[in-house]
Amino acid sequence: MTVPSPPLLEVNDLYVQFPTPTGPVNAVAGVSFTVSAGETVAVVGESGSGKSVSSLALLGLLGSGKISSGSVLLRGDELVGAGREKLRRLRGAEIAMIFQNPMSSLDPLFTIGDQLIEALRVHRPMSRRAARARAVELLREVGLPDPERRVRAYPHELSGGQQQRVMVAIALTCEPALLIADEPTTALDVTVEAQILELLRTMQRDRGTALLLITHDMAVVAEMADRVVVMYAGQVVEHGLVEDVLRDPRNPYTKALIDSIPTPATPRDRPMPAIAGNVPTPAQAPPGCRFHPRCPSVFERCSVDAPRLYQLGETRASRCWLHETEPSGSVAETVEEVHRVG
Ligand SMILES: Nc1ncnc2c1ncn2[C@@H]1O[C@H](COP(=O)(O)OP(=O)(O)OP(=O)(O)O)[C@@H](O)[C@H]1O
Ligand SMILES: [Mg+2]
């Protein structure tokens with residue numbers, strides 16, 4: 001019998017806490033998901049749902065925040081509590097991250113060539129000359145026109161889309177097993193967005209890189225991901241295979257997100273249907289289900305008790321009291337969680 005290998009990344013019941021003037025709050029409260037080798041997993045949710053905090057936590061990049069409990073396993077190896085040096089090494093060798101705004105991660109004082117060369121030589125000892133040649137090659141791979149010349153350009157001399165291509169090239173310097181891309185196309189227009197997404201897809205196909213793609217856009221999820229994790233107010237509210245979730249969303253929040261995707265039939269003069277209201281901040285999370293004040297299916301219990309995440313079949317789970325009375329919900333196992341103050 002073969003023993004199944006653990007997923008590349010396994011996040012279990014992760015809680016992230018930030019100090020605030022009124023006491024610590026949990027920006028992420030019990031998040032679990034996995035990413036297997038070569039897979040694309042999208043994390044989707046509105047602004048403030050905890051997507052960035054969850055991904056920064058994986059790499060120990062939380063600033064004043066900390067992981068208060070939970071576990072992050074990379075090939076079975078625990079990263080929570082790992083030393084700075086170990087995390088720094090992993091960031092170089094196994095996990096790379098692309099941020100939303102390339103200008104905030106590129107250094108304006110150095111040419112993009114210098115930044116690529118620096119990144120290459122941190123991971124692997126090589127001469128400057130070899131690193132420069134490799135930098136040009138990487139810029140060509142990510143589709144930057146005229147890479148021999150552009151390698152000498154400063155970040156401000158490139159367009160937003162070109163800067164984001166450079167970020168992808170820097171991420172590729174370490175041949176990561178996992179690439180985390182936090183809203184990599186939000187700052188770009190739709191044509192450039194499509195090109196960058198295509199670049200990520202090609203990279204993944206050619207290198208087998210696993211991709212954790214953070215987005216607020218269900219259309220990007222549909223186009224890119226194998227599985228999707230839907231987050232709301234610091235919690236996972238639904239996860240499953242993309243085709244299942246898009247075809248038949250089980251959680252009212254997921255339904256509302258999908259309904260907000262414009263279709264060709266959506267009249268242009270009509271404002272995009274958005275979900276009324278806002279995601280609560282962690283300190284203001286309402287009692288009961290965190291989505292209940294905005295939920296079209298709300299009933300009494302929702303404002304009192306917090307629903308658990310119901311396992312609905314092998315690859316699907318949703319956090320909603322509706323599943324308690326649904327035929328599939330009654331046979332569902334529930335994933336128990338400990339409710340912590342926050
Ligand atoms: N340093 C911090 N101190 C206190 N609270 C924070 C801190 N960083 C994030 N938060 C809070 O954690 C919650 C989740 O933030 P996060 O940045 O993860 O949202 P997001 O889902 O990535 O949103 P967006 O789509 O806008 O990027 C927010 O309510 C935010 O205010
Ligand atoms: Mg974010």
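Every number for a ligand or one of its atoms is a count from 1 in the order of the listing. Quantities reported herein were computed from a predicted structural model and do not represent experimental measurements. Only heavy atoms go into these numbers, but all of them, side chains included; no hydrogens, no water, no symmetry mates.
On a distance-only criterion, Pro19 and ligand 1 share no N/O pair closer than 3.5 Å. Checked against a 3.5 angstrom limit, the closest N/O atoms of Ser54 and ligand 1 fall outside it. Residue contacts with ligand 1: Gly45 is placed with no nitrogen or oxygen under 3.5 Å of a nitrogen or oxygen of the ligand (distance criterion only). In terms of polar-atom proximity, Thr20 is not counted as a contact of ligand 1, lacking any N or O under 3.5 Å from an N or O of the ligand.
In this structure a side-chain-to-backbone donor-acceptor pair under 3.5 Å is present from Gln204 to Thr209.
Closest heavy-atom approach to atom 29 (O) of ligand 1 within the set Pro282, Pro24, Ala283, Ala285: this belongs to Pro282. Considering each of Val279, Thr281, Val53, the one bringing a non-hydrogen atom nearest atom 15 (O) of ligand 1 is Val53.
Between Arg134 and Glu141, at least one side-chain nitrogen of the basic residue sits less than 4.0 Å from a carboxylate oxygen of the acidic one, meeting the salt-bridge criterion. Salt-bridge annotation for Glu175 and Arg124: absent, with no side-chain N of the basic residue lying under 4.0 Å from a carboxylate O of the acidic one. A salt bridge does not link Arg140 with Asp146: every distance from a Lys NZ or Arg NE/NH1/NH2 to an Asp or Glu carboxylate oxygen is 4.0 Å or more. Checked for salt-bridge contact, Glu238 and Arg319 miss the test: no charged N lies under 4.0 Å from a carboxylate O. A salt bridge is defined here as a Lys NZ or Arg NE, NH1 or NH2 lying under 4.0 Å from an Asp or Glu carboxylate O, and Glu324 with Arg301 meets this definition. Taking the charged nitrogens against the carboxylate oxygens, Asp248 and Lys255 have no contact shorter than 4.0 Å, which rules out a salt bridge.
Distance check for atom 8 (N) of ligand 1: a protein heavy atom is found below 4.0 Å.
Ser52 OG, 3.8 Å is the protein heavy atom nearest to atom 27 (O) of ligand 1. The shortest contact between atom 10 (N) of ligand 1 and any protein heavy atom is with Phe18 CE1, 4.0 Å. Distance from atom 25 (O) of ligand 1 to its nearest protein heavy atom, with residue and atom name: Lys51 NZ, 2.8 Å. The protein heavy atom nearest to atom 28 (C) of ligand 1 is Gly48 O, 4.0 Å. The protein heavy atom nearest to atom 26 (O) of ligand 1 is Ser47 OG, 2.5 Å. Among protein heavy atoms, the minimum distance from atom 12 (O) of ligand 1 is reached at Ala27 CB, 3.2 Å.
For the pair Arg128/Asp114, a side-chain contact is recorded, criterion being any heavy-atom separation below 4.5 Å from C-beta on.
A continuous path of ILVMFWY side-chain contacts below 4.5 Å connects Leu87 to Leu8, so both sit in one hydrophobic cluster.
Between the side chains of Asp182 and Ser52, at least one donor-acceptor pair of N or O atoms lies under 3.5 Å.
Arg207 CZ: more than 12 foreign heavy atoms inside a 6.0 Å radius. Around atom CD of Glu314, no more than 12 heavy atoms belonging to other residues, nucleotides or ligands sit under 6.0 Å away.
Taking every non-hydrogen atom of Glu183 and a distance limit under 4.0 Å, the qualifying atoms of ligand 1 come out as 25 (O).
With sequence neighbours excluded, the residues forming a side-chain contact (heavy atoms from CB on, under 4.5 Å) with Ser64 are Phe18, Pro19, listed by chain and number.
Neither the backbone nor the side chain of His216 has a heavy atom within less than 4.0 Å of ligand 1.
Neighbouring protein atoms of the Mg ion (ligand 2) (N, O or S, distance under 2.8 Å, waters ignored): Ser52 OG.
Ligand 1 has no atom lying under 4.0 Å from any heavy atom of Met231.
The side chain to side chain donor-acceptor pair (under 3.5 Å) test with Arg227 is passed by exactly one of Thr34, Thr40, Thr315: Thr34.
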